[in-house]
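Below is one structure; the comments refer to it alone.
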Amino acid sequence: MANNYFTICSLFYIITICIAFFIKERINSTETKIYKYIILTNLCTVITAIICFFTIKYYEIIPITNEIVAKTLILLMFTFHVLLTVYIYFISSKNTSKDKKNYTLEIQILLVVYMSCAFLIYLLPLYYHNEGNVIYSYGPSANVTYIMTVIIFIFWIYCLIKDRKNLRNKKYWPFFIFMILSIICVVIQKVYPGILVLTALETFICVIMYFTIENPDLKLITELNIAKDRAEKANSAKTDFLSNMSHEIRTPLNAIVGFSETLSRENVPEEIREEVKDILMASDNLLEIVNGILDISKIEADKLEIINTPYNFNKMIEELVSLTKSRIGDKPIEFIVRKDETIPDYLYGDCSRVKQIILNLLTNAAKYTLEGKITFTISSVVIKNDIIRLIFSVEDTGIGIREDKINKLFNKFERLGVEDEITIEGTGLGLAITKKLLDLMNGKIVVQSTYGEGSKFIAYIDQLIVKDVTEIKSKELNTTVDLNVSFNDKKVLIVDDNELNIKVAKRLLKDYNLNIESVMSGQECIDKIKQGNIYDIIFLDDMMPKMTGKEVIVELKKDASFNIPTIALTANALTGMKEEYLSIGFDGYLAKPIDRNEMLKILKKYVSER
Ligand code: ADP
């Protein structure tokens, strides 16, 4: 029994591993499936090895049984190697190929090789050595396995080389150990052929593999899934909350901005005009905060989209410059603008997002510079025939950023001057959004700053050059804003559940010689149309109780003859809203607080002038 000692110990280990493996529910992955077959094969090998010991020992009693058992043992050992090969091939392919692989061809080849070897093992002769306790088999049948094992090892090395970047993956450990120990075992086996160490080695590998395969606890996975569901629900509740919050804040803001806007145009004393300007600036800041929070929520939900259209680049820069000037206000700051005049007028990209990125850098420069100068440079490189790389640089002589804080700059809600008790308003969201937008546009941003001296932000954005500009130009002509407009008593219907908002809209439309009617619910709007009232345009609020604007338009569109341009008014400026409204049947979209110019553009587009 002496030389069977290792095999008996292996039996104990492999039974323990099998119990440990099968007692728990496992994920049904290819990896665990292969491992299951590996340990079952090893269990069979160990049992067969023990039986084989006795059949060889008592060879004379039933010689045919001995032959079958010994060859089955060889086949089982070979099967073990084949299964390990399948395992290593699967692991290495998983790491090296991006797509999910279909293994049909490989399986067919493997089956043919395996069946041929099995056939040879049973066909070729096997000899037995039986002297005292030194019992083993040898001969051509066993040699088939040895040859195949060498081929298999070469294949393993190929798999390891193929996936060399992941060699530290712990799943490869059993293979390294197996290859090294196999060589040692073969030497031991040659010197002491009676000691059966190969079966024990296989069991040892099974034990190591047990700790290296992906072996997650299914109970834990279920708990994680429940937690994930809860987090998703909480996230969607947060999105709803933000959408409502945006609505709730924008609705009164619409009244504040609308009335201040019209008041600033009235003939009021200079002092009041200045105060109204301050109200407008404060409202702008508040709107920026609401928009920032909405953008961050979109980023977290992976819903921030880039919507590319042709746009007038130079006009955008002019707007940026004038906005920055108003943000600098009366601070003793010189604002220098240097623009590469070779940049084409019309580019293709997401104009509002490009503007948002640069405006954020310029606003920060204006905010964090108390005196000195801000230099805004726009340069470009044509990198392909139709792609231009825009390089925006914003350099200021402001408070600067401490070196150790620069890498935190793009974290959301990170305000770096807090410890210095700097009392400059802000949320710490701007640069986080800027970075994300640049990532989405394949752009880049770099920062250089010296604390106490100033900062320089450089952003790179690639845009397409628009070759055929005639169509955009004609569109632009249609939408140029001329404030002295008069519409020939054209009929406008305003639908909004909020009285104050109706008042604001009426006030904004007052100067244009329009015949304005209003109703406070979707149903009243439908009734008006059904009664045969004709309007030139309808401004329809979306978020109304009982019947939303979306439901109203769907109802109105049921009548094929309904063709009154209908514009969605909404305080809910969440993800891709414009596209959603257009797809439902609205002709246009106006976000609250209503921008006077945007409203006029829409009127000019849909209501013909006198
Ligand atoms: P916010 O300006 O609303 O705080 P940002 O994300 O735009 O948020 O900026 C994050 C922080 O980076 C700011 O709080 C400020 O400390 C610092 N910072 C950004 N731009 C500048 C600048 N031009 N000069 C100095 N500090 C800056």
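Indexing begins at 1, ligand by ligand and atom by atom, following the structure's order.
- Less than 4.0 angstrom separates some heavy atom of S455 from each of these atoms of ligand 1: 22 (C), 24 (N), 25 (C).
- Between F392 and F376, the ring planes are parallel. Angles under 30° get that label, and only those over 60° would be called perpendicular.
- No side-chain donor-acceptor contact under 3.5 Å links R389 and Y460.
- Under a 4.0 angstrom heavy-atom cut-off, K405 registers as lying outside contact with ligand 1.
- Heavy-atom separations between G398 and ligand 1 are all 4.0 Å or longer.
- Side-chain contact annotation: N308 with D350, donor-acceptor N/O pair under 3.5 Å absent.
- For ligand 1 and L429, the ligand atoms under 4.0 Å from any heavy atom of the residue are 6 (O), 8 (O).
- Which of I374, L362, D396, L431 comes nearest to atom 5 (P) of ligand 1 through a heavy atom is settled by distance: it is L431.
- Atoms of ligand 1 found under 4.0 Å from any heavy atom of K367, numbered from 1 in the order shown, are 1 (P), 2 (O), 3 (O).
- On a distance-only criterion, F457 and ligand 1 share no N/O pair closer than 3.5 Å.
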In residues 438-448, what donor-acceptor pairs under 3.5 Å come from side-chain atoms, sequence neighbours left out?
residue, atom, partner, partner atom, Å
D439, OD1, K435, NZ, 3.2
D439, OD2, K435, NZ, 3.3

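- Of the heavy atoms in I401, only side-chain atoms (C-beta onward) come closer than 4.0 Å to ligand 1.
- With respect to E31 and K171, a salt bridge is recorded, a charged nitrogen being found less than 4.0 Å from a carboxylate O.
- The aromatic rings of F487 and Y512 sit perpendicular, their planes meeting at an angle over 60°, well past the 30° parallel limit.
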